[in-house]
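Okay, structure first, notes after.
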2 protein chains.
Amino acid sequence: MTSDAPPKMNATEQAYQIIRKDILTGKLAEGERLTEARLSDDLGLSRTPIREAIGRLIFEGFIDRQKGYTTRVAHVPQDEAEQVYEIRRLVECYSVERAARLATEEDIAELREIHAAMKDDTPPRDKAAYERLTQANEAFHRAIVSAARSPRLTALMTTALDVSMVVRTYSMFSDKDLLRSLNHHEEIIQAIEARAPKWASSIMSAHLLAGAARVAERTSKSDPEGE
Amino acid sequence: MTSDAPPKMNATEQAYQIIRKDILTGKLAEGERLTEARLSDDLGLSRTPIREAIGRLIFEGFIDRQKGYTTRVAHVPQDEAEQVYEIRRLVECYSVERAARLATEEDIAELREIHAAMKDDTPPRDKAAYERLTQANEAFHRAIVSAARSPRLTALMTTALDVSMVVRTYSMFSDKDLLRSLNHHEEIIQAIEARAPKWASSIMSAHLLAGAARVAERTSKSDPEGE
DNA sequence: AGTACTTATTCTGCATGCAAAATTCTGATT
DNA sequence: AATCAGAATTTTGCATGCAGAATAAGTACT
(Lines give C-alpha, C1' and ligand atoms only; values in the text may rest on other atoms or scores of the structure.)
Protein backbone atom coordinates (compact mmCIF):
# COMPACT_ATOMS: atom_id res chain seq x y z
CA MET A 1 0.00 0.00 0.00
CA THR A 2 0.84 3.67 -0.24
CA SER A 3 2.38 2.62 -3.53
CA ASP A 4 4.96 5.08 -4.84
CA ALA A 5 2.79 6.99 -7.27
CA PRO A 6 -0.23 6.74 -9.49
CA PRO A 7 0.94 7.07 -13.07
CA LYS A 8 -1.45 9.86 -14.14
CA MET A 9 0.93 12.70 -13.29
CA ASN A 10 3.62 14.53 -15.17
CA ALA A 11 7.15 14.70 -13.88
CA THR A 12 6.91 18.21 -12.48
CA GLU A 13 3.78 17.43 -10.48
CA GLN A 14 5.31 14.21 -9.26
CA ALA A 15 8.44 15.99 -8.11
CA TYR A 16 6.36 18.66 -6.40
CA GLN A 17 4.23 16.15 -4.52
CA ILE A 18 7.14 14.01 -3.42
CA ILE A 19 9.37 16.84 -2.28
CA ARG A 20 6.56 18.51 -0.37
CA LYS A 21 5.63 15.27 1.29
CA ASP A 22 9.25 14.66 2.24
CA ILE A 23 9.43 18.10 3.80
CA LEU A 24 6.19 17.70 5.74
CA THR A 25 7.10 14.26 6.98
CA GLY A 26 10.56 15.40 7.97
CA LYS A 27 12.36 13.11 5.56
CA LEU A 28 13.96 16.28 4.32
CA ALA A 29 14.97 17.94 7.55
CA GLU A 30 14.42 21.59 8.33
CA GLY A 31 17.40 23.65 7.26
CA GLU A 32 18.77 20.93 5.04
CA ARG A 33 20.40 22.22 1.92
CA LEU A 34 18.83 21.14 -1.34
CA THR A 35 20.46 20.95 -4.72
CA GLU A 36 18.72 20.28 -7.98
CA ALA A 37 21.30 17.64 -8.85
CA ARG A 38 20.70 15.60 -5.73
CA LEU A 39 16.91 15.73 -5.91
CA SER A 40 17.10 15.01 -9.59
CA ASP A 41 19.19 11.99 -8.77
CA ASP A 42 17.00 10.81 -5.89
CA LEU A 43 13.77 11.06 -7.84
CA GLY A 44 15.19 9.79 -11.09
CA LEU A 45 14.08 12.84 -13.03
CA SER A 46 15.99 15.45 -14.91
CA ARG A 47 16.70 18.84 -13.42
CA THR A 48 13.97 20.62 -15.35
CA PRO A 49 10.92 19.27 -13.52
CA ILE A 50 12.83 19.45 -10.25
CA ARG A 51 13.52 23.11 -10.88
CA GLU A 52 9.89 23.82 -11.52
CA ALA A 53 8.81 21.96 -8.41
CA ILE A 54 11.36 23.80 -6.30
CA GLY A 55 10.24 27.12 -7.71
CA ARG A 56 6.68 26.40 -6.71
CA LEU A 57 7.70 25.23 -3.25
CA ILE A 58 9.71 28.40 -2.74
CA PHE A 59 6.68 30.36 -3.81
CA GLU A 60 4.57 28.52 -1.28
CA GLY A 61 7.12 28.96 1.47
CA PHE A 62 8.19 25.36 2.01
CA ILE A 63 11.67 26.07 0.75
CA ASP A 64 13.78 29.15 1.37
CA ARG A 65 16.18 30.53 -1.14
CA GLN A 66 19.09 32.29 0.53
CA LYS A 67 21.11 34.90 -1.26
CA GLY A 68 23.22 32.83 -3.62
CA TYR A 69 22.95 29.23 -4.70
CA THR A 70 21.91 28.11 -1.27
CA THR A 71 18.45 26.65 -0.92
CA ARG A 72 17.16 25.17 2.30
CA VAL A 73 14.14 23.38 3.66
CA ALA A 74 12.07 25.99 5.44
CA HIS A 75 10.83 25.74 8.98
CA VAL A 76 7.38 24.18 9.23
CA PRO A 77 5.73 25.24 12.48
CA GLN A 78 3.85 22.51 14.29
CA ASP A 79 0.64 24.53 14.17
CA GLU A 80 0.79 24.49 10.39
CA ALA A 81 -2.45 22.57 9.99
CA GLU A 82 -4.25 24.90 12.35
CA GLN A 83 -2.91 27.87 10.44
CA VAL A 84 -4.09 26.47 7.15
CA TYR A 85 -7.59 26.05 8.51
CA GLU A 86 -7.63 29.59 9.85
CA ILE A 87 -6.52 30.98 6.54
CA ARG A 88 -9.00 28.86 4.67
CA ARG A 89 -11.70 30.18 6.98
CA LEU A 90 -10.82 33.75 6.10
CA VAL A 91 -10.67 33.13 2.40
CA GLU A 92 -13.52 30.69 2.03
CA CYS A 93 -16.00 32.55 4.19
CA TYR A 94 -15.40 35.59 2.06
CA SER A 95 -15.65 33.47 -1.08
CA VAL A 96 -18.91 31.89 -0.14
CA GLU A 97 -20.38 35.29 0.68
CA ARG A 98 -19.53 36.46 -2.78
CA ALA A 99 -20.73 33.18 -4.23
CA ALA A 100 -24.09 33.65 -2.52
CA ARG A 101 -24.38 36.94 -4.35
CA LEU A 102 -22.80 36.06 -7.67
CA ALA A 103 -23.27 32.35 -8.32
CA THR A 104 -24.99 31.46 -11.57
CA GLU A 105 -27.42 28.61 -12.06
CA GLU A 106 -24.59 26.62 -13.60
CA ASP A 107 -22.39 27.18 -10.55
CA ILE A 108 -25.12 25.92 -8.28
CA ALA A 109 -25.81 22.96 -10.53
CA GLU A 110 -22.15 22.02 -10.37
CA LEU A 111 -22.15 22.23 -6.60
CA ARG A 112 -25.23 20.03 -6.48
CA GLU A 113 -23.61 17.52 -8.77
CA ILE A 114 -20.46 17.26 -6.69
CA HIS A 115 -22.55 17.07 -3.57
CA ALA A 116 -24.63 14.20 -4.96
CA ALA A 117 -21.47 12.25 -5.73
CA MET A 118 -20.20 12.81 -2.21
CA LYS A 119 -23.49 11.68 -0.76
CA ASP A 120 -23.14 8.35 -2.55
CA ASP A 121 -19.74 7.80 -1.00
CA THR A 122 -20.63 8.84 2.54
CA PRO A 123 -19.75 6.97 4.61
CA PRO A 124 -17.03 5.55 2.37
CA ARG A 125 -17.17 1.76 2.10
CA ASP A 126 -13.53 1.33 1.09
CA LYS A 127 -10.27 3.12 0.48
CA ALA A 128 -11.22 3.98 -3.09
CA ALA A 129 -14.44 5.60 -1.93
CA TYR A 130 -12.54 7.56 0.66
CA GLU A 131 -10.18 8.73 -2.04
CA ARG A 132 -13.06 9.79 -4.26
CA LEU A 133 -14.61 11.61 -1.33
CA THR A 134 -11.43 13.53 -0.70
CA GLN A 135 -11.22 14.52 -4.34
CA ALA A 136 -14.84 15.56 -4.46
CA ASN A 137 -14.52 17.56 -1.28
CA GLU A 138 -11.65 19.51 -2.74
CA ALA A 139 -13.63 20.05 -5.93
CA PHE A 140 -16.56 21.33 -3.89
CA HIS A 141 -14.51 23.94 -2.11
CA ARG A 142 -12.80 24.92 -5.30
CA ALA A 143 -16.14 25.32 -7.04
CA ILE A 144 -17.30 27.70 -4.37
CA VAL A 145 -14.24 29.87 -4.70
CA SER A 146 -14.64 29.74 -8.42
CA ALA A 147 -18.24 30.91 -8.11
CA ALA A 148 -16.97 33.95 -6.23
CA ARG A 149 -15.66 35.17 -9.58
CA SER A 150 -12.37 36.57 -8.37
CA PRO A 151 -9.20 35.31 -10.01
CA ARG A 152 -7.12 36.61 -7.14
CA LEU A 153 -9.15 34.56 -4.71
CA THR A 154 -8.79 31.46 -6.85
CA ALA A 155 -5.05 31.92 -6.97
CA LEU A 156 -4.90 32.16 -3.20
CA MET A 157 -6.94 29.03 -2.74
CA THR A 158 -4.67 26.96 -4.88
CA THR A 159 -1.91 27.49 -2.38
CA ALA A 160 -4.02 26.96 0.70
CA LEU A 161 -5.95 23.93 -0.52
CA ASP A 162 -2.94 22.09 -1.83
CA VAL A 163 -1.45 22.18 1.59
CA SER A 164 -4.45 21.00 3.52
CA MET A 165 -4.58 18.03 1.18
CA VAL A 166 -1.43 16.67 2.70
CA VAL A 167 -2.49 17.41 6.21
CA ARG A 168 -5.70 15.56 5.62
CA THR A 169 -3.95 12.45 4.39
CA TYR A 170 -2.56 11.73 7.79
CA SER A 171 -5.63 12.33 9.84
CA MET A 172 -8.63 10.34 8.86
CA PHE A 173 -12.05 11.54 9.72
CA SER A 174 -14.64 9.34 11.35
CA ASP A 175 -17.91 8.48 9.65
CA LYS A 176 -19.64 10.84 12.00
CA ASP A 177 -17.31 13.67 10.98
CA LEU A 178 -17.89 12.97 7.33
CA LEU A 179 -21.64 12.92 7.75
CA ARG A 180 -21.60 16.25 9.54
CA SER A 181 -19.38 17.62 6.82
CA LEU A 182 -21.83 16.44 4.19
CA ASN A 183 -24.67 18.20 5.97
CA HIS A 184 -22.64 21.37 6.09
CA HIS A 185 -22.15 21.18 2.35
CA GLU A 186 -25.86 20.70 1.84
CA GLU A 187 -26.64 23.73 3.94
CA ILE A 188 -24.02 25.82 2.19
CA ILE A 189 -25.70 25.12 -1.11
CA GLN A 190 -29.06 26.03 0.36
CA ALA A 191 -27.67 29.30 1.66
CA ILE A 192 -26.22 30.14 -1.73
CA GLU A 193 -29.51 29.32 -3.43
CA ALA A 194 -31.28 31.52 -0.92
CA ARG A 195 -28.82 34.28 -1.79
CA ALA A 196 -27.98 34.60 1.89
CA PRO A 197 -24.29 35.58 2.17
CA LYS A 198 -24.12 35.74 5.95
CA TRP A 199 -25.83 32.42 6.36
CA ALA A 200 -23.49 30.82 3.87
CA SER A 201 -20.51 32.36 5.56
CA SER A 202 -21.56 31.19 8.99
CA ILE A 203 -21.98 27.59 7.92
CA MET A 204 -18.69 27.66 6.08
CA SER A 205 -17.03 28.97 9.21
CA ALA A 206 -18.53 26.17 11.29
CA HIS A 207 -17.58 23.67 8.63
CA LEU A 208 -13.93 24.63 8.70
CA LEU A 209 -13.73 25.07 12.46
CA ALA A 210 -15.13 21.58 12.86
CA GLY A 211 -12.46 20.25 10.56
CA ALA A 212 -9.77 22.20 12.36
CA ALA A 213 -10.91 20.88 15.73
CA ARG A 214 -10.73 17.34 14.48
CA VAL A 215 -7.24 17.80 13.09
CA ALA A 216 -6.02 19.60 16.21
CA GLU A 217 -7.23 16.68 18.29
CA ARG A 218 -5.27 14.27 16.14
CA THR A 219 -2.05 16.21 16.06
CA SER A 220 -2.02 16.96 19.78
CA LYS A 221 -2.47 13.26 20.45
CA SER A 222 0.21 11.98 18.11
CA ASP A 223 2.71 14.80 18.30
CA PRO A 224 3.09 16.00 21.88
CA GLU A 225 6.32 17.94 21.39
CA GLY A 226 6.41 21.71 21.62
CA GLU A 227 8.18 24.14 19.33
CA MET B 1 10.30 57.40 -20.04
CA THR B 2 9.11 54.05 -18.79
CA SER B 3 12.31 52.66 -20.28
CA ASP B 4 12.21 48.98 -21.12
CA ALA B 5 13.70 47.54 -17.97
CA PRO B 6 16.20 48.08 -15.20
CA PRO B 7 19.06 45.69 -15.83
CA LYS B 8 19.19 44.04 -12.40
CA MET B 9 16.80 41.22 -13.21
CA ASN B 10 17.19 37.69 -14.42
CA ALA B 11 15.50 36.49 -17.56
CA THR B 12 12.65 34.70 -15.83
CA GLU B 13 11.71 37.72 -13.73
CA GLN B 14 11.96 39.95 -16.77
CA ALA B 15 9.67 37.68 -18.76
CA TYR B 16 7.20 37.54 -15.88
CA GLN B 17 7.07 41.31 -15.48
CA ILE B 18 6.73 42.03 -19.17
CA ILE B 19 4.08 39.42 -19.87
CA ARG B 20 2.00 40.45 -16.89
CA LYS B 21 2.23 44.08 -17.88
CA ASP B 22 1.20 43.25 -21.43
CA ILE B 23 -1.81 41.39 -20.13
CA LEU B 24 -2.86 44.21 -17.82
CA THR B 25 -2.42 46.88 -20.46
CA GLY B 26 -4.31 44.80 -22.96
CA LYS B 27 -1.39 44.46 -25.33
CA LEU B 28 -2.04 40.78 -24.96
CA ALA B 29 -5.78 40.64 -25.38
CA GLU B 30 -8.11 38.61 -23.22
CA GLY B 31 -8.61 35.15 -24.68
CA GLU B 32 -5.58 35.43 -26.93
CA ARG B 33 -3.70 32.21 -27.32
CA LEU B 34 -0.13 32.18 -26.10
CA THR B 35 2.66 29.92 -27.20
CA GLU B 36 6.06 29.68 -25.63
CA ALA B 37 7.71 29.98 -29.01
CA ARG B 38 6.06 33.25 -29.87
CA LEU B 39 6.69 34.90 -26.51
CA SER B 40 10.20 33.55 -26.56
CA ASP B 41 10.61 35.17 -29.94
CA ASP B 42 9.00 38.45 -28.97
CA LEU B 43 11.01 38.89 -25.82
CA GLY B 44 14.25 37.60 -27.25
CA LEU B 45 14.66 34.96 -24.57
CA SER B 46 14.79 31.21 -24.72
CA ARG B 47 11.79 29.10 -23.90
CA THR B 48 13.01 28.18 -20.44
CA PRO B 49 12.50 31.52 -18.67
CA ILE B 50 9.29 32.03 -20.64
CA ARG B 51 8.01 28.70 -19.40
CA GLU B 52 8.74 29.61 -15.82
CA ALA B 53 7.08 32.99 -16.17
CA ILE B 54 4.00 31.43 -17.74
CA GLY B 55 3.82 28.85 -14.98
CA ARG B 56 3.77 31.55 -12.39
CA LEU B 57 1.19 33.59 -14.25
CA ILE B 58 -1.04 30.55 -14.52
CA PHE B 59 -0.63 30.02 -10.82
CA GLU B 60 -1.67 33.60 -10.19
CA GLY B 61 -4.60 33.41 -12.53
CA PHE B 62 -3.50 35.83 -15.22
CA ILE B 63 -3.25 33.02 -17.74
CA ASP B 64 -5.53 30.03 -18.15
CA ARG B 65 -4.35 26.64 -19.29
CA GLN B 66 -7.05 24.78 -21.13
CA LYS B 67 -7.04 21.04 -21.40
CA GLY B 68 -4.33 20.40 -23.96
CA TYR B 69 -1.62 22.65 -25.35
CA THR B 70 -3.89 25.62 -25.40
CA THR B 71 -3.04 28.53 -23.16
CA ARG B 72 -4.94 31.79 -23.14
CA VAL B 73 -4.86 35.20 -21.55
CA ALA B 74 -7.35 35.09 -18.69
CA HIS B 75 -10.13 37.53 -18.11
CA VAL B 76 -9.18 40.32 -15.73
CA PRO B 77 -12.31 41.72 -14.11
CA GLN B 78 -12.43 45.48 -13.79
CA ASP B 79 -13.02 45.28 -10.05
CA GLU B 80 -9.67 43.55 -9.70
CA ALA B 81 -8.12 46.37 -7.66
CA GLU B 82 -11.06 46.43 -5.30
CA GLN B 83 -10.75 42.67 -4.93
CA VAL B 84 -7.10 42.96 -4.07
CA TYR B 85 -7.88 45.40 -1.28
CA GLU B 86 -10.64 43.23 0.11
CA ILE B 87 -8.43 40.17 0.14
CA ARG B 88 -5.58 42.09 1.66
CA ARG B 89 -7.92 43.30 4.34
CA LEU B 90 -8.82 39.74 5.23
CA VAL B 91 -5.25 38.54 5.25
CA GLU B 92 -3.56 41.55 6.77
CA CYS B 93 -6.06 42.17 9.53
CA TYR B 94 -5.59 38.60 10.60
CA SER B 95 -1.83 38.97 10.28
CA VAL B 96 -1.62 42.10 12.34
CA GLU B 97 -3.72 40.49 15.05
CA ARG B 98 -1.24 37.67 15.25
CA ALA B 99 1.62 40.12 15.03
CA ALA B 100 0.25 42.03 18.00
CA ARG B 101 0.44 38.82 19.98
CA LEU B 102 3.61 37.30 18.59
CA ALA B 103 5.90 40.10 17.41
CA THR B 104 9.36 40.14 18.93
CA GLU B 105 11.33 43.24 19.86
CA GLU B 106 13.29 42.82 16.64
CA ASP B 107 10.11 42.73 14.58
CA ILE B 108 8.94 45.95 16.15
CA ALA B 109 12.34 47.55 15.70
CA GLU B 110 12.22 46.68 12.03
CA LEU B 111 8.78 48.19 11.65
CA ARG B 112 9.98 51.35 13.37
CA GLU B 113 12.96 51.53 11.08
CA ILE B 114 10.91 51.21 7.93
CA HIS B 115 8.44 53.70 9.32
CA ALA B 116 11.18 56.25 10.02
CA ALA B 117 12.40 55.97 6.45
CA MET B 118 8.88 56.52 5.15
CA LYS B 119 8.46 59.54 7.38
CA ASP B 120 11.49 61.16 5.77
CA ASP B 121 10.00 60.73 2.33
CA THR B 122 6.48 61.92 3.18
CA PRO B 123 5.40 63.87 1.30
CA PRO B 124 7.73 62.75 -1.50
CA ARG B 125 9.69 65.62 -3.02
CA ASP B 126 10.39 63.84 -6.31
CA LYS B 127 9.79 60.73 -8.33
CA ALA B 128 12.66 58.90 -6.68
CA ALA B 129 11.24 59.61 -3.25
CA TYR B 130 7.86 58.37 -4.37
CA GLU B 131 9.47 55.21 -5.60
CA ARG B 132 11.28 54.71 -2.30
CA LEU B 133 8.03 55.29 -0.46
CA THR B 134 6.25 52.63 -2.49
CA GLN B 135 9.03 50.17 -1.79
CA ALA B 136 9.06 50.96 1.91
CA ASN B 137 5.31 50.69 2.14
CA GLU B 138 5.44 47.23 0.65
CA ALA B 139 8.24 46.31 3.06
CA PHE B 140 6.18 47.54 5.99
CA HIS B 141 3.22 45.38 5.14
CA ARG B 142 5.45 42.44 4.44
CA ALA B 143 7.17 42.89 7.80
CA ILE B 144 3.84 42.74 9.57
CA VAL B 145 2.84 39.53 7.86
CA SER B 146 6.26 38.16 8.62
CA ALA B 147 5.84 39.06 12.29
CA ALA B 148 2.68 36.95 12.32
CA ARG B 149 4.97 33.91 12.19
CA SER B 150 2.97 31.89 9.72
CA PRO B 151 4.78 30.76 6.59
CA ARG B 152 1.49 30.05 4.89
CA LEU B 153 0.42 33.63 5.43
CA THR B 154 3.69 34.89 4.03
CA ALA B 155 3.27 32.68 1.00
CA LEU B 156 -0.16 34.14 0.38
CA MET B 157 1.26 37.62 0.34
CA THR B 158 3.76 36.71 -2.34
CA THR B 159 1.00 36.16 -4.86
CA ALA B 160 0.03 39.21 -6.78
CA LEU B 161 -1.49 41.12 -3.93
CA ASP B 162 -0.12 44.47 -4.73
CA VAL B 163 -2.45 46.90 -6.38
CA SER B 164 0.35 48.21 -8.50
CA MET B 165 0.54 44.69 -9.83
CA VAL B 166 -3.00 44.67 -11.08
CA VAL B 167 -3.62 48.23 -12.10
CA ARG B 168 -1.40 50.59 -13.96
CA THR B 169 -1.52 53.91 -12.22
CA TYR B 170 1.16 56.40 -11.42
CA SER B 171 1.05 58.44 -8.25
CA MET B 172 -2.59 57.93 -7.54
CA PHE B 173 -2.29 59.11 -3.98
CA SER B 174 -2.25 62.72 -2.93
CA ASP B 175 0.07 64.11 -0.26
CA LYS B 176 -2.87 64.10 2.09
CA ASP B 177 -3.53 60.43 1.42
CA LEU B 178 0.08 59.60 2.04
CA LEU B 179 0.16 61.51 5.29
CA ARG B 180 -2.92 59.73 6.54
CA SER B 181 -1.37 56.44 5.51
CA LEU B 182 1.75 57.31 7.47
CA ASN B 183 -0.31 58.02 10.55
CA HIS B 184 -2.07 54.69 10.18
CA HIS B 185 1.29 52.96 10.11
CA GLU B 186 2.35 54.78 13.22
CA GLU B 187 -0.78 53.73 15.03
CA ILE B 188 -0.45 50.15 13.86
CA ILE B 189 2.98 49.99 15.42
CA GLN B 190 1.62 51.46 18.63
CA ALA B 191 -1.14 48.88 18.72
CA ILE B 192 1.34 46.07 18.22
CA GLU B 193 3.56 47.44 20.96
CA ALA B 194 0.53 47.66 23.23
CA ARG B 195 -0.22 44.03 22.39
CA ALA B 196 -3.69 45.03 21.35
CA PRO B 197 -4.76 42.72 18.48
CA LYS B 198 -8.21 44.19 17.96
CA TRP B 199 -6.90 47.73 17.92
CA ALA B 200 -4.22 46.78 15.43
CA SER B 201 -6.73 44.98 13.28
CA SER B 202 -9.13 47.90 13.26
CA ILE B 203 -6.55 50.39 12.15
CA MET B 204 -5.29 48.04 9.50
CA SER B 205 -8.82 47.67 8.24
CA ALA B 206 -9.25 51.43 8.06
CA HIS B 207 -5.87 51.75 6.42
CA LEU B 208 -6.76 49.39 3.60
CA LEU B 209 -10.31 50.63 3.17
CA ALA B 210 -8.97 54.16 2.80
CA GLY B 211 -6.63 52.94 0.10
CA ALA B 212 -9.41 51.05 -1.60
CA ALA B 213 -11.66 54.09 -1.59
CA ARG B 214 -8.98 56.19 -3.19
CA VAL B 215 -8.33 53.65 -5.90
CA ALA B 216 -12.02 53.09 -6.56
CA GLU B 217 -12.40 56.81 -7.08
CA ARG B 218 -9.58 56.85 -9.59
CA THR B 219 -10.60 53.84 -11.57
CA SER B 220 -14.25 54.80 -11.76
CA LYS B 221 -13.21 58.19 -13.05
CA SER B 222 -10.77 57.01 -15.66
CA ASP B 223 -12.39 53.78 -16.71
CA PRO B 224 -16.13 54.27 -17.02
CA GLU B 225 -16.88 51.04 -18.87
CA GLY B 226 -18.86 48.28 -17.22
CA GLU B 227 -18.13 44.56 -17.26
C1' DA C 1 47.05 28.87 14.74
C1' DG C 2 44.36 32.32 12.45
C1' DT C 3 43.29 35.16 8.48
C1' DA C 4 43.36 36.80 3.82
C1' DC C 5 43.79 35.46 -0.82
C1' DT C 6 43.81 32.25 -4.73
C1' DT C 7 42.39 28.20 -7.01
C1' DA C 8 39.26 24.34 -7.67
C1' DT C 9 34.80 22.57 -7.58
C1' DT C 10 29.90 22.87 -7.39
C1' DC C 11 25.59 24.79 -8.62
C1' DT C 12 22.37 27.50 -10.94
C1' DG C 13 20.26 30.05 -14.98
C1' DC C 14 19.53 29.84 -19.55
C1' DA C 15 19.71 27.69 -24.20
C1' DT C 16 18.78 23.95 -27.12
C1' DG C 17 17.46 19.17 -28.76
C1' DC C 18 14.09 15.63 -29.13
C1' DA C 19 9.98 12.66 -28.63
C1' DA C 20 5.21 12.46 -27.62
C1' DA C 21 0.90 14.71 -27.42
C1' DA C 22 -2.21 18.02 -29.36
C1' DT C 23 -3.81 20.81 -32.95
C1' DT C 24 -4.57 21.90 -37.64
C1' DC C 25 -4.93 20.70 -42.28
C1' DT C 26 -6.43 17.68 -46.10
C1' DG C 27 -9.16 14.81 -48.71
C1' DA C 28 -12.38 11.28 -49.13
C1' DT C 29 -17.01 9.64 -48.46
C1' DT C 30 -21.81 10.31 -47.87
C1' DA D 1 -21.96 20.91 -48.01
C1' DA D 2 -20.95 18.30 -43.76
C1' DT D 3 -18.55 14.82 -41.25
C1' DC D 4 -14.86 12.11 -40.27
C1' DA D 5 -10.27 9.62 -40.68
C1' DG D 6 -5.69 10.23 -41.19
C1' DA D 7 -1.52 12.88 -42.34
C1' DA D 8 1.21 17.00 -41.42
C1' DT D 9 2.48 20.45 -38.40
C1' DT D 10 2.76 22.72 -34.13
C1' DT D 11 3.49 22.81 -29.28
C1' DT D 12 4.59 21.23 -25.02
C1' DG D 13 7.31 18.38 -21.42
C1' DC D 14 11.50 16.68 -20.29
C1' DA D 15 16.52 15.92 -20.90
C1' DT D 16 20.98 17.73 -21.51
C1' DG D 17 24.88 21.08 -22.44
C1' DC D 18 27.39 25.05 -21.14
C1' DA D 19 28.98 29.60 -19.16
C1' DG D 20 29.29 32.21 -15.27
C1' DA D 21 28.31 32.93 -10.43
C1' DA D 22 28.72 31.01 -5.83
C1' DT D 23 30.73 27.98 -2.58
C1' DA D 24 34.37 25.18 -0.88
C1' DA D 25 39.13 23.92 -0.60
C1' DG D 26 43.75 24.95 -0.52
C1' DT D 27 47.77 27.95 0.28
C1' DA D 28 50.62 31.50 1.78
C1' DC D 29 51.52 34.94 5.07
C1' DT D 30 51.43 37.05 9.69
Side-chain angles (χ1 to χ4, degrees), chain A residues 4-23 27-74 158 162, chain B residues 4-23 27-74 155 158:
Chain A
D4 9 308
K8 212 66 170 182
M9 246 199 295
N10 57 18
T12 300
E13 186 67 17
Q14 237 177 293
Y16 169 76
Q17 299 285 350
I18 294 175
I19 298 171
R20 193 186 58 187
K21 195 184 81 185
D22 287 351
I23 291 174
K27 192 171 159 194
L28 291 172
E30 175 189 335
E32 185 171 341
R33 183 173 177 190
L34 299 176
T35 69
E36 296 173 3
R38 177 162 78 88
L39 289 170
S40 162
D41 215 46
D42 289 352
L43 305 194
L45 298 166
S46 88
R47 274 181 53 218
T48 307
I50 300 289
R51 263 182 81 71
E52 286 179 13
I54 290 180
R56 194 166 150 199
L57 288 163
I58 289 174
F59 206 71
E60 295 180 349
F62 292 103
I63 294 178
D64 284 334
R65 156 107 60 232
Q66 287 166 340
K67 60 180 166 187
Y69 286 171
T70 314
T71 303
R72 299 185 178 286
V73 175
T158 318
D162 274 1
Chain B
D4 13 305
K8 212 64 173 184
M9 244 197 297
N10 57 19
T12 300
E13 187 67 17
Q14 239 177 292
Y16 170 75
Q17 299 284 351
I18 294 175
I19 298 171
R20 193 187 60 199
K21 195 186 80 188
D22 287 352
I23 291 174
K27 193 171 156 194
L28 291 172
E30 175 188 335
E32 185 171 341
R33 182 172 177 192
L34 300 176
T35 69
E36 296 172 5
R38 176 161 80 87
L39 289 169
S40 162
D41 214 44
D42 288 352
L43 305 194
L45 298 166
S46 88
R47 275 180 54 217
T48 308
I50 300 288
R51 261 181 84 70
E52 286 179 13
I54 290 180
R56 195 167 150 197
L57 288 163
I58 289 175
F59 207 71
E60 295 181 346
F62 292 105
I63 293 178
D64 284 335
R65 156 106 61 235
Q66 288 166 341
K67 59 180 164 190
Y69 285 173
T70 315
T71 303
R72 298 186 179 286
V73 175
T158 4

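Chain naming here is simple, since letters A, B, ... match the order of the sequence lines and numbering starts at 1 in each.
For Arg65(A), the side-chain hydrogen bond (donor to acceptor under 3.5 Å, both in side chains) partners are Thr71(A), not counting sequence neighbours.
Taking all atoms of both residues into account, the shortest heavy-atom contact from Ile19(A) to Ala53(A) is CD1-CB, 4.3 Å. Scanning all heavy atoms of the two residues, the minimum distance from Glu60(A) to Ala155(B) falls at O-CB, 3.2 Å.
Annotation: the span from Leu43(B) atom CG to Arg38(B) atom CZ amounts to 9.5 Å, rounded to 0.5 Å. Atoms OG1 and CD1, on Thr35(A) and Ile50(A) in that order, are 10.0 Å from each other to the nearest 0.5 Å. Atoms CD1 and CZ, on Ile63(A) and Arg56(A) in that order, are 12.0 Å from each other to the nearest 0.5 Å. Within the model, atoms NZ of Lys27(A) and CD1 of Ile18(A) stand 8.0 Å from one another, a figure rounded to the nearest 0.5 Å. Taking CZ of Arg72(B) as the start and CD of Gln66(B) as the end, the distance is 5.0 Å to the nearest 0.5 Å.
Contacts with DNA chain C (heavy atom under 4.0 Å) in residues 37-53 of chain B: Leu45(B), Ser46(B), Arg47(B), Thr48(B), Pro49(B), listed by number.
Between Gln14(B) atom CD and dG13(C) atom C1' there is a gap of 13 Å when expressed in whole angstrom units. Glu13(B) places its CD atom 16 Å from the C1' atom of dT12(C), with the value rounded to the nearest Å. Atom C1' of nucleotide dA19(C) and atom CG of Asn10(A) are separated by 16 Å, given to the nearest angstrom. If you take NZ of Lys67(A) and P of dC11(C), they are 18 Å apart, rounded to a whole angstrom. When rounded to the nearest whole Å, the span between CZ of Arg65(B) and P of dT23(C) equals 11 Å.
Using a 4.5 Å heavy-atom threshold, the side chains of Glu52(B) and Arg51(A) count as touching.
In this structure, Thr71(B) reaches neither bases nor backbone, as no heavy-atom distance under 4.0 Å exists between it and the strands shown. Contact annotation for Ile54(B): no contact, since no heavy-atom pair falls under 4.0 Å across all strands.
Considering only the side chain of Thr70(B), dT23(C) comes nearest among dT23(C), dC14(C), dG13(C). Listed nucleotides dC14(C), dT12(C), dA21(C) differ in distance to Thr12(B); the shortest reach to its side chain belongs to dC14(C).
Take the nearest nucleotide of DNA chain D for Glu36(B) and for Gly68(A): the residue whose nucleotide is more 5' is Glu36(B).
Note that the first and last nucleotides of DNA chain D, 5' to 3', having any atom under 4.0 angstrom from a heavy atom of chain B are dT11(D) to dG13(D).
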